[in-house]
Amino acid sequence: MHLLRKETQDLLFSQFENHICKMEYNFTDIEQRWQKYWEEHKTFRTEDDFTRPKFYILDMFPYPSGAGLHVGHPEGYTATDIVARYKRMKGYNVLHPMGWDAFGLPAEQYAIETGTHPAVTTQKNCDNFREQIKSIGLGCDWDREVNTTDPGYFKWTQWIFKQLYNTWFDEGLQKARPVSELDIPGEIKQQGQKAVKDFITGKRLAYYDNASVWWCPTCRIVCANEEVLTDGSHEKCGNPVERKNLKQWMLRIPLYAERLLAGLDELDWPEGIKEMQRNWIGKSYGAEVEFQLEEVDEQLRVFTTRPDTLFGATYMVISPEHPLVQKIITGSMEREVNAYIKAAGMKSELDRTDLSKEKTGVFTGRYAINPVSGKRIPVWVADYVLTGYGTGAIMAVPAHDTRDFEFAKKFDLPIQCIMDPEGADQQLRKEVLEGDACWAEDGTYIHSSNNEKGISIDGLKKRDGIDKITRWLEEKGVGKATINYKIRDWLFSRQRYWGEPFPVIHWEDGEITVVDDSELPVELPELEKYEPAENAESPLANATDWLSVADKNGRKGRRETNTMPQWAGSCWYYLRYIDPKNDEAPFDKAKENYWMPVDLYIGGAEHAVLHLLYSRFWHKVLYDLGIVSTDEPYKKLFNQGMILAFAYETAAGAKVVADLVEERDGKFYHTETGEQLRQIVAKMSKSLKNVVNPDDVVRSYGADSLRLYEMFLGPLDATKPWAENGVKGVFNFLNRAYRFFGDTGNHAEGAEDEEVLKELHKTIKKAGEDIENLHFNTAISQMMIFTNLAIKKGKVTRDTVKDFAKTISPFAPHLAEELWSILGYNPSVSETDWPRYEERHLVEETIEYPVMINGKMRFKLNVPADTSKDELEQLAVDHETAKKWMGGKTPGKIIVVPGKIVNIVV
RNA sequence: GCGGAUGUGGCGGAAUUGGUAGACGCGCCAGACUUAGGAUCUGGUUCUUUCGGGAGUGGGGGUUCGAGUCCCUUCAUCCGCACCA
């Protein structure tokens, strides 16, 4: 498949040297030469020149895996590189850096297996990635490279953790403030030092506490809620997780729910991503209502989005983990309920959340009083009520909630319809009124008044009903309007070696302190073995020397053995690029003020929620503390689509590896069985052997071809399949362009041909606009059109070649540099300005009007651009073809759209 | 079930505010040059046709002089989320 084999290239190279064959497109030579030039001349070095307008373009930095780059990486990187080069030519001071999100499990796993220190593996992989990325010719400032595993970097990750630890959230001001500014209530102070500390701990954004967490026994690690898939398996390894109660570090991200939600409105992000974040935050309006329990002096509080249906609440349900559960159980039910709770605890999340499963539950024997009707209603325990959401208890309104309805039907609980479904059809309405069907939509209230309590919403609709009941609840002091969020505290520790150590010490007297700034970074100790320690502790627990510390009074302490999750380093890396070598601060304030926010952030949609939400959270905290100058980090976000590859399957649907497929006459056959196969599009995977390696593409067709093809494939945000033949297409284009424009024999003096000039200016205009809109595929197609025209013409002027070289330079920079130097210009095309197009070259002198008769295009009319509407009408009607199609009838109406079309209606 | 997106030739995909559907590229067909071609160049390529045309942007309906584009409806695929009270 390779167009030019290595030997052929070498041969051509020597011929090139001897000027025997001067016009061969020897991409390997050209590309290596210019990459060396850029590196030696630091062409893409970014200066902190505050006087110039800035543009900060960011890629989601990669995890440097041992497998190296796949074709998905260069897609985003090329897109940002094109924008970066273009913006630079437009006069912006551009920051387009690259770095490594280098903590992570694979290096640690490898260490466990081979004893190789993760730092060694990581270094090797980073070097490999850097070389691969350099080979595609990115205009990055490599002096700004960051690496999350570098102590000089994670020193500041630890420093930011300290800021989180020393910060509380002032809900009144909706802003984070230092704990030193936290007012301690008098009654807390009276209770002494311990109470004060507990009070502060209760406020810190980062806290260490017992938490019911997901534990993956396979990885021997806790997982954040977000890392557990809906089927109860661990996102990383796919094995089932279980619940465990462990002391862990948590971050109070829910306090920022409102800010994180509101901030989305201002951002130029894909609507889908914003929506996913909104769903994740999960804001809902409703009310909390207190139900008095019978015979125990406790209130049972529920959250509901439908306080208006309170009259229809015929029973209550608490989750098995509800704190009041033991008080609620009555003697006779004790055994049964506890058995149920135990069983629920053993169930996996899969079993508990699977909708198709029958609901289970058990009566506690206890009754509560419906505050609005005064009726006794039973309290049940059931695992369809979630512990972590709302108050962990609900009022059940089976007539108007499908889940409650299902449960009530199964356990034969009363169903009280309180809303007349006027919109429903007769049959359904009858069933709803009789309690035989569930109605969750709007309607008119019935059976919703109680004279004794002075409340009635009968006859109202949902909107007014909610308001009226909520007001009544607040007046009576049995409830209040409440906003609830789905988002939970972020579990921020992992039982791993290869992560940032927490700058924390646990003292023998139970005190927890963070280490002094002067002791940062807290580095990782050298270990003999990387296996996790016993008791769900990280491998760091085995580092006995590193572990124990003592303060100047001889008090003994133990270092925190957990490490931070991989998200930590990626939460703020965009800030470190601004000032990557600073040892005094995470970054210089003036530089931050100049460069932030990120103007364009491109990466995969797989980080839609986690990385982007976490890093927005950190950024907002830093903003509140005055450390950064913007409220949001990423102004514009764009998600590149995934690149898939063709794969093959049998009629039965069995996948066939690419090696065993042969093509004949456009059909595909199994080389061994001869069976005809179906071509499908699938993710690239080792098992299907359909992985495309960018190195191979660079070797066979060159970096410019790789770049161009990645962009020509389709819209940047679309999911699209890779086709080897497509690379050949863009390679042919570059080849033709080089051989034509690079041959000075084709360069003419004097005035340029009108048609060429028009197409050139059209190309400059379209390329510029398309780059701004990230529509790279159509920009490339326009450059192809221009090149085809130029070749057809045979000769173009030097000025035309010059503008073409500039225009193509963001896309195929090596080729552009080569053309630039052939023209005799220096130093680098990257340091010139973007060509200007002139409107006067774009105006058409004649316009070809399509003429339609009754909406069908019948012929074309070529007229001067200044032809009037009336003239045009006349010309069209008089045209022979028109007469033929009108068949002697008179036209009823003639529509003339200037510059567009003529339509004759008969 | 809820939310988001996408359906256009054999394939990847183009089509400002509604205005010539299929740009550009792949593939395919024919020709040229060549010892040769998986190189290069030229031309053709939505389908169908009785060569006048006719049909055509997932399906059905509508608005309009005119619809890939707007409205209603329906189907299919992909991606998130999912007992969130």
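Below, chains carry the letters A, B, ... as their sequence lines are ordered, and counting in each starts from 1.
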Any Lys/Arg nitrogen of [X] or [Y] sitting under 4.0 Å from an Asp/Glu carboxylate oxygen of the other?
X	Y	value
E441(A)	K462(A)	no
K765(A)	D770(A)	no
E258(A)	K283(A)	yes

Whole angstrom is fine here: how far is it from [atom1] in [X] over to [atom2] in [N]?
X	N	atom1	atom2	answer
Y738(A)	A39(B)	OH	P	21 Å
N639(A)	G80(B)	CG	C1'	12 Å
N788(A)	C24(B)	CG	P	8 Å
I483(A)	A85(B)	CD1	P	13 Å
Y25(A)	U40(B)	OH	P	14 Å
F733(A)	C24(B)	CZ	C1'	10 Å
L386(A)	A85(B)	CG	P	10 Å
I853(A)	C65(B)	CD1	C1'	12 Å

Students often get this wrong, so: under 4.0 angstrom with heavy atoms, is [X] touching a base, only sugar-phosphate, or nothing?
X	result
K720(A)	sugar-phosphate
T402(A)	nothing
V897(A)	base
E271(A)	nothing
N777(A)	sugar-phosphate
N484(A)	nothing

Whichever of F646(A) and I785(A) has its nearest RNA chain B nucleotide further upstream toward 5':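 Between the two, 5'-proximity favours F646(A).
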Map T391(A) and I273(A) onto RNA chain B by nearest heavy atom, then report which one ends up closer to the 5' terminus.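 Closer to the 5' end of RNA chain B: I273(A).
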When rounded to the nearest 0.5 angstrom, what is the spacing between [atom1] in [X] and [atom2] in [Y]?
X	Y	atom1	atom2	value
M783(A)	L734(A)	CE	CG	9.0 Å
L613(A)	I281(A)	CG	CD1	5.5 Å
I415(A)	D404(A)	CD1	CG	10.0 Å

Record whether the side chain of N725(A) comes under 3.5 Å of the base of C26(B) through a donor-acceptor pair of N or O atoms.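 By the distance-only test, no, there is no pair.
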Would you say the base of C83(B) and the side-chain of K359(A) have a donor-acceptor pair closer than 3.5 Å?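 Counting by modelled atom types and ignoring angles, a donor-acceptor contact under 3.5 Å is found here.
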Once the angle between the rings of F741(A) and F786(A) is folded into 0 to 90°, is it parallel (under 30°), tilted (30 to 60°) or perpendicular (over 60°)?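 Parallel: the ring planes of F741(A) and F786(A) meet at under 30°.
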For [N] and [M], measure between their [atom1] atoms and round to the nearest Å.
N	M	atom1	result
G13(B)	U64(B)	P	35 Å
G25(B)	G44(B)	P	13 Å
G66(B)	U20(B)	C1'	12 Å
C28(B)	G12(B)	C1'	16 Å
C29(B)	U34(B)	P	23 Å

Strictly under 4.0 angstrom, non-hydrogen atoms only: write out the protein contact profile of nucleotides 41-56 of chain B, one letter per nucleotide from the 5' end, B, S or -. S-----------SSS-
Candidates [options] - which lies nearest the side chain of [X]:
X	options	answer
F303(A)	U16(B), A85(B), U20(B)	A85(B)
P850(A)	U20(B), G3(B), C24(B)	U20(B)
S284(A)	G27(B), G3(B), A85(B)	A85(B)
T778(A)	A85(B), A15(B), C65(B)	A15(B)
Y389(A)	G12(B), C83(B), A85(B)	A85(B)

Tell which nucleotide pairs with [N], taking only Watson-Crick or G-U wobble pairs whose two distances are both under 3.5 angstrom.
N	value
A32(B)	U40(B)
G27(B)	U45(B)
U57(B)	none
G19(B)	C65(B)
A76(B)	U6(B)

Taking K720(A) for its side chain and L716(A) for its backbone only, find out whether a donor-acceptor pair lies under 3.5 Å.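 Answer holds: yes.
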Where the side chain of T482(A) meets the backbone of K480(A), is there a donor-acceptor pair that is under 3.5 Å apart?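 The answer is yes, because a donor-acceptor pair under 3.5 Å joins these two groups.
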Does K359(A) make a cation-pi contact with Y384(A) (under 6.0 Å, within 45 degrees of the axis)?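 Yes, a cation-pi geometry.
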Could you check, using the six-membered ring where one of them is a Trp, whether F638(A) and W269(A) have ring centers closer than 6.0 angstrom?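 Centroid distance F638(A)-W269(A): not below 6.0 Å, so no.
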Closer than 4.0 Å, any side-chain N/O of N732(A) to the OP1 or OP2 of A39(B)?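 Checking N732(A) against A39(B): no side-chain N or O falls below 4.0 Å of OP1 or OP2.
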Side-chain N or O of N903(A) less than 4.0 angstrom from OP1 or OP2 on U20(B)?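 Answer is no, no contact under 4.0 Å.
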Under 4.0 Å from any atom of RNA chain B, heavy atoms only: list the residues of residues 708-716 of chain A that qualify, in numerical order.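 When residues 708-716 of chain A is checked for heavy atoms under 4.0 Å from RNA chain B, the hits, listed by number, are F712(A), L713(A), P715(A).
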Should the heavy atoms of other residues, nucleotides or ligands under 6.0 Å from NZ of K758(A) be counted, would the total exceed 12?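 Yes, because the 6.0 Å sphere around NZ of K758(A) holds more than 12 heavy atoms from other groups.
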